[in-house]
Amino acid sequence: MTGHRPPSEDSSTDVVRWAAFSCVLVPVVLVWYGTSLAGATGTALGLAAVTAVCRILLRQSERGAARLHAEERAPHRGRRHRSGAGARRGGRHTGGNNGGNTGGSGPVG
């Protein structure tokens, strides 16, 4: 190899290479065992189509993962991360002090 690639790129490239190898090997084996040439050709075309779609989806997934990884590493400017129970606005508020009863129905008599 001429350059260093991330492990995910190596594994995805290996998957695509094995799939392409299968697209060639499977029809040869089918013809060897007596399947018609037309049937083997159809199988090869089907495998090639599935391989192409899988390759596209795999590359798209890798780009999404890389984008997510880059966003996690980038500093968040102007964002304030809140935690805890009262972190969100617009929650349910009860009126007044009800003696520690958080049910909102007031004192029980």
### With Cys23, the side chain to side chain contact (heavy atoms under 4.5 Å, CB included) member among Leu45, Thr43, Val50, Thr51
Thr51

#### Entry: Sequence-distant partners of Arg63, side-chain contact (heavy atoms from CB on, under 4.5 Å), two or more places apart
Arg59, Gln60

### Query
Considering residues at least two apart in sequence or located in another chain, which fulfil the ring-ring contact (aromatic ring centres under 6.0 Å, His included) criterion with Phe21?
Trp18

### Query
Are Leu30 and Leu47 in one and the same hydrophobic cluster, where Ile, Leu, Val, Met, Phe, Trp and Tyr link if side-chain heavy atoms are under 4.5 Å apart?
yes

### Message
With a 4.5 Å cut-off on side-chain heavy-atom distances among I, L, V, M, F, W and Y, is there a chain of contacts connecting Tyr33 to Leu37?
### Response
no

### Task
Determine the minimum heavy-atom distance between Ala44 and Pro27, stating which atoms define it.
CB-CG, 3.3 Å

